[in-house]
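One structure below.
Computed from a predicted structure; not experimentally measured. Naming: A, B, ... by sequence-line order, numbering from 1 per chain.
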Amino acid sequence: MSDAVVSETPVFSVNGLWKVFGPKADRIPADPELTALDPAGLRARTGCTAAVRDVSFDVRKGEVFVVMGLSGSGKSTLVRCLTRLIEPTAGTIAIDGEDVRAMDKSRLRELRRHRAAMVFQHFGLLPHRTVLDNVAYGLEIQGVGKAERRARAAEVVAKVGLEGMEQRRPSQLSGGQRQRVGLARALAVDPEVLLFDEPFSALDPLIRRDMQEEVVRLHREEGRTMVFITHDLSEALKLGDRIALMRDGKVVQLGTPEEIVGSPADDYVREFVRDVPREQVLTVRTAMRTPSDGDAVTGPAVAPDATVSEAIEAVARAGEPARVVDEGRCVGVVDADGLLGVVAGTAKEAV
Amino acid sequence: MAAITAFSPRTVPAVLRHRAVHKLALLVLAAAVLVPLATARWTGGAWPEALTVDLTSPLTKASTWIVDNRDTHPLFLYFFGHVSNAIVLSVRAVYLVLLAAGWAGVTALSALVAWRVAGLRLALGTVAAFLTCGLLGMWVPTMQTLALMVVAVAASVVVGALLGLAGGLSDRLNKALRPVLDTMQVLPAYAYLLPVVLVFGMGVPAAVLATVVYAAPPMARLTALGLRGADHEVLEAVRSLGATARQRLLTARIPLARKELLLGLNQTIMMALSMAVIASVIGAGGLGDRVYQALASVDVGAALAAGIPIVLLAVVLDRVTGAAGSGSTSSSETRRSGWPYALVAALAIAVAARLMGRLDWPDAWTVGIAEPVNRAVDWMTDHLYSGVPVIGGTADWAAHFTTWVLNPLRDGLTWLPWWSVLLVVAALAWLIGTWQTALTAVLSMAAIGVLGVWTPALDTLSQVLAAVAVTLVIGFATGIAAARSDRLERALRPVLDVFQTMPQFVYLIPVVALFGVGRAPAVAAAVVYALPAVVRITTQGLRQVDPAAMESSSSLGATSWQQLRQVQLPLARPALLLAVNQGVVLVLAVVIIGGLVGGGALGYDVVFGLAQGDLATGLVAGAAIVCLGLMLDRVTQPTERRTKKGA
């Protein structure tokens, strides 16, 4: 959110994007009377379904951008529009400033081969190939020679923790291992952006947590830009630098996890985040007050982006209010009352 | 009671709203208008003369023209002539290679392939099968059939795979191909014989082409099915990696369709064998010809000697190609290592046999089973045909069946006014299917009348109906029993497996031995041929009933009879309808072939046409068979049909 980041060209820049399924879909985004209709009305009137409605967002370099919504909210369609696996109906998409919708076939193929790779919900592995050859598949498509692509694939297989399983077939792997293969296949082509389409929703909860941590680790190590689709709020909050919350094809709120939980844009979002343990998402910025002269200078120090629950621990241990210290400067104070207010949800909703 | 009467006014319109009643009411309405018109114009029960079109003279003219111009017309010189020559040459070449390899070489190489593809047990089975063919003195005919098969299967696979590829890749082509292929699969093999004879004359080219036309559809269907059935997400993943259309096809779609492709190969081989045997009627030599000649002179022993190799060939081919389809890929990889050694060993055997001058199967090693079998049949004729106390003899049964079932049925059908037959067809087809299927069924039936073979067609139909009734009674009973007892199912499975792989032609041999010739044996052969498919589909349908539904009904305390009647049978209805459909289609195929053993009617017309060179009669009968097949299929066609044929 600092000025330095904003000045860079976004990896993906999406503006006014529409995807309408149905007969004569083209006319709908252009007609203000039709765009005003709700999904049921649009369907009754034209027989069309608008999966993505006038969506705009930027994905910044190096961030994890999460698109979150319930099934049928259009999030999977949206991510497929980014590389035109589904052809958008209207709007603009740019990757590094280059118009994706204007690309010809071979340029688009280049985009898919080198710049954006996707991980799928049900893995999409080739059952007749070994793990190694599945991972090397993207390189094979690019025309990389056998020895080189296998060597590169072997590295990636090791990176996702599948050493020793190179010669197995997908059918001999567990769900979590298969998704590691899917992840490795996407990583093997060394793409600029990784696109994840609900990659972990077919997995057991424990495996899912492992895989989420794997993604966090990869992101920390490589800093690769990621667009992550999920219907799981806790996954979104855990992974996302920023979250776009979708409903009926529209983005209803776009912001950091803290913004989404701390100040929901409407009742739908509020209902959505109601059960979220707020103290684990909100930072002490929400709970702190400006220091007054009476405050002691002895209390424990916490960083401004520490979560409320971390501050609670510090305050409880010390038995006195904690100081919020940013680059050596005390910017505020959190006490037990302020922290409790956050947990109880009685604190003001503005951040 | 009061409550019930109070409700009854509401139930009456509910009945009327029922779709079946709706359809019937419409039909009755149509009949009320059309029937008086029809009867007023054309009186009498049989198909009115005025409505028939005599195709005999134009067809005769056409066939005479073809015979006259076969050697001069450019179409024949530059197209059909080349096709014909190519076929003759390739069959000849394969045949010579097989002979040059010698019996030891052929056996060893076949065993090698079976071993690599399907394992040791099947390899031993293959050796035993080939040695039996030799022992029966049938080595040369077996090789003739094999040579014809190799060429026909290769052509069928190429044609089928190309059609399937087209259908798999293009929606429009698929839409155009599907109904044609579906229909081709329900038509009796016999219907394909005459058109090719018309163009190519009797002989090997006609036989090979008829086989290709008959055997290519399953390959095409399954190829298209496999290409279309590929996991959507895998294809999307491949696309997301930037694959070109060609890369997608070669690295994903075709490998993903491997199972269907191999199943297609298996079905094509089985259909080709079946047809290669039947095509003996139009001049394909080999095993089929031996059976055909033997049956013509009611020489059961000789027929059996040629029939056993057919069955063995069928079982071996089916098992080996089936194993290739189901074999897991990992095990085939480990087996690949032994290929070179085994190949060398097989070649060594072939060369050794050649050097020892043992190319032809030694005469001294043959066992003539014709003689003893014929003696056994004679004994049966004397002792079992008739006059066995209490149970009567087999010939008596056949006679009774003919007198009490077939004759009344045939007479009844012919006595029925023609329009009522059409009405019944329409009603049945519409009740089970849609108005389109009903329309096709009625038009097909009417076409039979127009062709002027109404009476023989009804004769054939009466045999089909009788055979289907018997098949369904036995088949459903067996199927239900097998679905309820694991033991019975396990015992039945190998029997059904073998029966389902045997070519239709072979079934004629035992029934002739048991019942002599006539219509009853034709019906019996049809029943035996159709039974395995009906039993199998019934059992599968009953077993696939949702276990949760079964569990909930037994938790409510249902007896097993209640469970069967109230849960299993209703839920398995689609499977049972499919069993009926398959039963009808398979029965028709054999009833037609029954023309060879005195079944008469349409089948006989085809054989007669072929034997006498009277192609017009044969072609008309063949067209009527096609119509009858279409009609029977549509009348019994459930709205959704299975992709794979039962046999």
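Residue contact with chain B, scored on non-hydrogen atoms closer than 4.5 Å, involves the backbone and the side chain of Glu140(A) alike. In this structure, chain B has a heavy atom under 4.5 Å from the backbone of Ala116(A), while its side chain stays farther away. For Leu85(A), the parts lying near chain B are the backbone and the side chain together; criterion is any non-hydrogen pair under 4.5 Å. For Glu110(A), no part lies under 4.5 angstrom from a heavy atom of chain B.
Contacts with chain B were tallied for Lys105(A), Gln142(A), Gln121(A), Arg84(A); Gln121(A) has the most, counting heavy-atom pairs under 4.5 Å.
Annotation: the span from Leu78(A) atom CG to Ile86(A) atom CD1 amounts to 10.0 Å, rounded to 0.5 Å.
For the side-chain contact (heavy atoms from CB on, under 4.5 Å) test with Leu139(A), the passing option among Val156(A), Val144(A), Asp190(A) is Val144(A); the others fail. Residue Leu261(B) forms a side-chain contact (heavy atoms from CB on, under 4.5 Å) with just one option from Leu225(B), Ile254(B), Asn266(B), and that option is Ile254(B).
Taking a 6.0 Å sphere around CD of Glu163(A), one finds it holds more than 12 heavy atoms contributed by other residues, nucleotides or ligands.
Of all non-hydrogen atoms in Lys75(A) and Thr230(A), the two that sit nearest each other are CE-O, 3.4 Å.
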